[in-house]
Amino acid sequence: MATQGVTPRGATPRGVTPRSEDYSRWYTDVVQQAELADYAPVRGCMIIRPYGYELWDSIKIALDRRLKATGHRNAYFPLFIPMSFIEKEAEHVEGFKPELAIVTHGGGSELEEPLVVRPTSETLFGEAYARWIQSYRDLPMLINQWANVVRWEMRPRLFLRTTEFLWQEGHTAHATREEAVEETLKILDIYAEVSEKVCAVPVIKGRKSPQEKFAGADDTYTIESMMGNKWALQGATSHFLGQNFAKAFNIQFLDEKNELQLVWTTSWGMTTRTVGAVVMTHGDDKGLRLPPAIAPIQVVIVPIWKTDEEKVSVFAFADEVKTQLNAAEIRVELDAREGLSPGFRFNDWEMRGVPVRLEIGPRDVAARSVIACRRDVAGKEAKMSMTVEGLAPRILALLDEIQVSMLKCATEFRDAHLCKASNLAELADIVEDGWALIYHCGTRECEDKIKEETKASSRCYPLDKNESWSPKGKVCAVCGKPAFGKAYFARAY
RNA sequence: CGGAGAGUGGCGCAGUCUGGUUAGCGCGCAGCGUUCGGGACGCUGAGGCCGCCGGUUCGAAUCCGGCCUCUCCGACCA
């Protein structure tokens with residue numbers, strides 16, 4: 001690679017900043033050079049470019065299908081929320097007030113009541129549910145919406161934290177506490193499945209500490225992933241809201257015994273941040289690496305020729321290959337650009353993370369074969385020759401193999417950086433290059449202390465059933481108070 | 001909001017200290033030609049009121065004052 005080492009003075013570097021040199025620079029380089037997103041005129045806002053949006057679309061389709069399969073229906077609630085709605089739930093307003101965008105003027109005059117640009121829609125759903133839910137027969141109410149929300153964040157980063165972002169937010173109401181908790185965990189499982197099976201991003205499912213939970217929730221469940229620099233990223237959250245919003249919005253129903261009851265609600269969301277998670281879980285110094293399940297282009301054909309005659313035969317053969325793969329519903333693209341050397345085009349597609357590249361030159365035409373090169377492995381092992389007869393099934397198998405292999409690699413990487421700690425010094429050491437699992441008291445003071453000394457925050461109390469996590473008789477590894485549970489601590493985005 | 005940098009063709013930078021005629025360079029872009037199995041090359045060309053406002057001066061990208069914006073590092077967060 002010509003990009004290694006010192007860039008000649010005055011020359012623009014080709015490729016991205018190496019991860020080892022500056023991880024966050026590497027991240028922004030990849031996002032921009034792979035044309036996933038670009039900065040927008042307003043601070044903290046980004047333009048999601050077609051390639052990035054297609055990636056999000058794939059994730060969205062996978063998640064939407066699963067939500068519908070579990071009985072959820074899509075709807076659309078408005079962008080504006082009356083200020084007074086936000087103020088109805090004490091903890092909720094406390095949590096969101098600092099990051100609200102508020103509209104004070106409309107139609108040329110000052111509004112009587114300011115309108116909040118939704119940071120999340122619990123309050124709007126609450127108001128509607130109070131009107132829509134009358135009887136136990138109306139329950140459960142399972143509605144999801146795909147929308148944009150706005151949170152005035154201090155420190156934006158492309159995809160990971162932008163002022164405006166896209167997500168889905170599910171809002172459900174149930175007759176009993178048990179049903180609502182069950183829903184909360186069911187959704188968490190769906191998020192974990194989409195993350196792992198679709199995005200090949202391994203997760204640890206867990207519960208948030210009281211400090212880290214959603215403003216207005218009784219319990220927040222999360223999926224946490226380890227990025228390439230070993231920092232943690234919260235991938236999605238599922239909240240058990242208890243009866244907090246039911247009380248605030250008076251969402252009541254008559255049960256079978258004709259008694260008035262408050263509903264139990266949940267809310268949950270997965271965002272465009274997931275795109276950032278994919279970049280940081282799989283990317284390398286050559287750019288993006290995309291799991292086949294969400295790759296907008298799964299296979300790219302790069303034709304190679306010298307003479308006009310070769311060009312004709314190579315393109316005819318490439319078209320034949322493309323047609324075959326298309327028929328098998330493989331997302332395939334033919335790189336018909338002229339005037340760019342093969343090497344340049346190889347690097348270009350590698351930057352974009354296309355899982356499989358097929359090289360087709362005169363030699364391949366003669367042998368009726370192609371050179372297939374997988375993006376997820378380095379070196380000579382990446383390349384293999386395949387005959388064109390029966391190519392599609394073999395490519396499909398290869399794509400499956402890549403999908404599985406990427407999850408496996410990411411999981412192994414993560415597991416190699418998980419470590420137990422028994423005191424603050426050990427924890428501090430571990431979080432320099434991984435996640436530390438400790439018995440923890442769950443108190444704010446203790447979390448703050450850890451944060452101050454190590455920059456690591458409480459990620460979650462893992463739900464791992466295989467691990468005996470009972471805190472009975474255990475004490476906090478940091479402060480010595482009785483343990484609340486086992487928690488992961490890590491540097492986080 | 002605290003700390004640090006930076007604003008000069010699309011991108012990355014030089015020039016600013018020590019004001020002086022047509023503001024340079026690399027990449028990219030356009031045209032033509034030669035190339036083409038791991039980031040090709042030549043020639044020709046297009047593109048800039050030097051972030052904004054004001055001041056000093058015969059003369060400001062350059063000096064002075066004010067303002068704005070962006071990026072990075074912290075606190076906040078999906």
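Letters A, B, ... are given to chains in the order of the sequence lines, protein chains preceding strands, and every chain is numbered from 1.
- Taking a cutoff of 4.0 Å between a charged side-chain nitrogen and a carboxylate oxygen, A:K449 and A:E447 do not qualify as a salt bridge.
- Legend: ring-ring contact (aromatic ring centres under 6.0 Å, His included) pairs involving residues 292-313 of chain A, not counting sequence neighbours, sorted by first then second residue: A:W305-A:F315.
- The residue A:D364 sits close to a base: some heavy atom pair falls under 4.0 Å.
- Side-chain atoms of A:K451 lie closest to B:A75 of the nucleotides B:C72, B:A75, B:G37.
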N/O to N/O distances under 3.5 Å, protein versus nucleotides 68-71 of chain B:
from, atom 1, to, atom 2, distance (Å)
B:C70, OP1, A:R43, N, 3.4
B:U71, OP2, A:R43, NH1, 3.4

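- Residue contacts for A:T162: at a heavy-atom cut-off of 4.0 Å it reaches a base atom on one of the strands shown.
- For the P atom pair drawn from B:G33 and B:G24, the interatomic distance equals 31 Å after rounding to whole Å.
- Between A:Q33 and A:V16, some side-chain heavy-atom pair lies under the 4.5 Å cut-off.
- Which of B:G38, B:C77, B:A40 sits closest to the side chain of A:E359 comes down to B:G38.
- Under the ring pair (Phe, Tyr, Trp, His ring centres under 6.0 Å) criterion, A:F240 pairs with no residue at all, not counting sequence neighbours.
- When heavy atoms are screened at a 4.0 angstrom cut-off, A:K383 is found touching base atoms of the nucleic acid.
- Applying the side chain to side chain donor-acceptor pair (under 3.5 Å) criterion to A:K306, with sequence neighbours excluded, gives no partner residue.
- As judged by a 4.0 angstrom heavy-atom cut-off over every strand, A:E153 is placed among the base-contacting residues.
- Taking the charged nitrogens against the carboxylate oxygens, A:R151 and A:E164 have no contact shorter than 4.0 Å, which rules out a salt bridge.
- Considering only residues two or more places apart in sequence or on other chains, A:F346 meets the ring pair (Phe, Tyr, Trp, His ring centres under 6.0 Å) condition with none of them.
- When rounded to the nearest whole Å, the span between NZ of A:K380 and C1' of B:G38 equals 12 Å.
- The gap from the C1' atom of B:G39 to that of B:G31 amounts to 23 Å, rounded to the nearest Å.
- A donor-acceptor contact under 3.5 Å is not formed by the side chain of A:R345 with the base of B:G37.
- Look at A:R155 and you won't find any side-chain N or O under 4.0 angstrom from OP1 or OP2 of B:C77.
- A donor and an acceptor atom, one from each side chain of A:T120 and A:R118, are nowhere located under 3.5 Å apart.
- Using a 4.0 Å cutoff on non-hydrogen atoms, no part of residues 180-192 of chain A comes near RNA chain B.
- At a threshold of 4.5 Å between non-hydrogen side-chain atoms, the residues A:L166 and A:I48 count as touching.
- Taking atom C1' on both nucleotides, B:A60 is separated from B:G19 by 6 Å, rounded to a whole Å.
- The gap from the P atom of B:C27 to that of B:U71 amounts to 28 Å, rounded to the nearest Å.
- Close to B:C73, at under 4.0 Å from its OP1 or OP2, lies a side-chain N or O of A:R157.
- Residue A:S24 is in sugar-phosphate contact alone, with no base atom involved, counting any heavy-atom pair closer than 4.0 Å across all strands shown.
- Summarising the geometry, the separation between NZ on A:K97 and C1' on B:C77 is reported as 18 Å, rounded to the nearest angstrom.
- With ring centers used as reference points, A:F214 lies under 6.0 Å from A:F96.
- Using atom C1' as the reference point in both B:U62 and B:G51, the two lie 16 Å apart (nearest Å).
- By the side chain to side chain donor-acceptor pair (under 3.5 Å) test, A:T274 pairs with no residue at all, sequence neighbours left out.
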Do any N or O atoms of the protein come closer than 3.5 Å to N or O atoms of nucleotides 33-35 of chain B, and which pairs are they?
none

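- Judged as a ring pair (Phe, Tyr, Trp, His ring centres under 6.0 Å), and not counting sequence neighbours, the contacts of A:Y129 are A:F125.
- Of the residues near RNA chain B, A:H239 and A:R357, the one whose nearest nucleotide (by heavy atom distance) lies more toward the 5' end is A:R357.
- As rounded to whole Å, 14 Å separates atom C1' of B:C76 from atom NZ of A:K208.
- Comparing the C1' positions of B:C11 and B:G74 gives an interatomic distance of 29 Å, to the nearest angstrom.
- With hydrogens and angles left out, the side chain of A:D348 and the base of B:G39 share no donor-acceptor pair within 3.5 Å.
- You'll find that the side chain of A:N347 is closest to B:G38, out of B:G37, B:C77, B:G38.
- Put simply, CZ on A:F344 is 12 Å from P on B:C41, counting in whole angstrom units.
- The existence of a salt bridge linking A:E224 and A:R414 is excluded, since no basic side-chain nitrogen approaches an acidic carboxylate oxygen closer than 4.0 Å.
- Using a 4.0 Å cut-off between charged nitrogen and carboxylate oxygen, A:K322 and A:E333 do not count as a salt-bridge pair.
- With pairs defined as Watson-Crick or G-U wobble and both atom distances under 3.5 Å, the stems of at least three pairs that touch RNA chain B come out as B:1-7 with B:68-74, B:10-13 with B:24-27, B:29-34 with B:40-45, B:51-55 with B:63-67.
- For A:K213, the side chain to side chain donor-acceptor pair (under 3.5 Å) partners are A:E91, not counting sequence neighbours.
- Listed by residue number, A:I371, A:C373 are the residues of residues 367-378 of chain A with a heavy-atom contact under 4.0 Å to RNA chain B.
- A distance of about 36 Å separates the P atoms of B:A6 and B:U44, rounded to the whole Å.
- Toward the 5′ end of RNA chain B lies the nearest nucleotide of A:W305, the other residue of the pair A:A215 and A:W305 mapping further downstream.
- One side chain, A:S267 or A:E122, offers a donor N or O that lies under 3.5 Å from an acceptor on the other.
- At a threshold of 4.0 angstrom between heavy atoms, the contacts of A:W167 with the nucleic acid are absent.
- A:D376 has no carboxylate O lying under 4.0 Å from a charged side-chain N of A:R289, or vice versa, which leaves the two without a salt bridge.
- Of the candidates B:G38, B:C77, B:C73, B:C77 carries the atom nearest the A:E99 side chain, counting heavy atoms from C-beta on.
- In this model, no donor atom of one side chain and acceptor atom of the other lie less than 3.5 Å apart for A:N229 and A:R491.
- For A:E350 and B:G39, a side-chain-to-base donor-acceptor distance below 3.5 Å is absent, hydrogens and geometry of angles not being considered.
- Side-chain contact, A:S121 with A:E169: a donor N or O sits under 3.5 Å from an acceptor N or O.
- For the pair A:D22 CG and B:A4 C1', the computed distance is 14 Å after rounding to whole Å.
- Only the C1' atoms considered, B:C25 is 33 Å distant from B:G65, to the nearest whole Å.
- A salt bridge links A:E350 with A:R357: the closest approach of a Lys/Arg side-chain nitrogen to an acidic carboxylate oxygen falls below 4.0 angstrom.
- An OP1 or OP2 oxygen of B:C36 is reached within less than 4.0 angstrom by no side-chain nitrogen or oxygen of A:R363.
- Backbone-only contact: A:R491 has heavy atoms under 4.0 Å from sugar-phosphate atoms and none from a base.
- Base contact: A:G361 has a heavy atom under 4.0 Å from a base atom.
- Judged by distance alone, with hydrogens and angles left aside, A:R161 brings a side-chain donor or acceptor within reach of the base of B:C77, the pair sitting under 3.5 Å.
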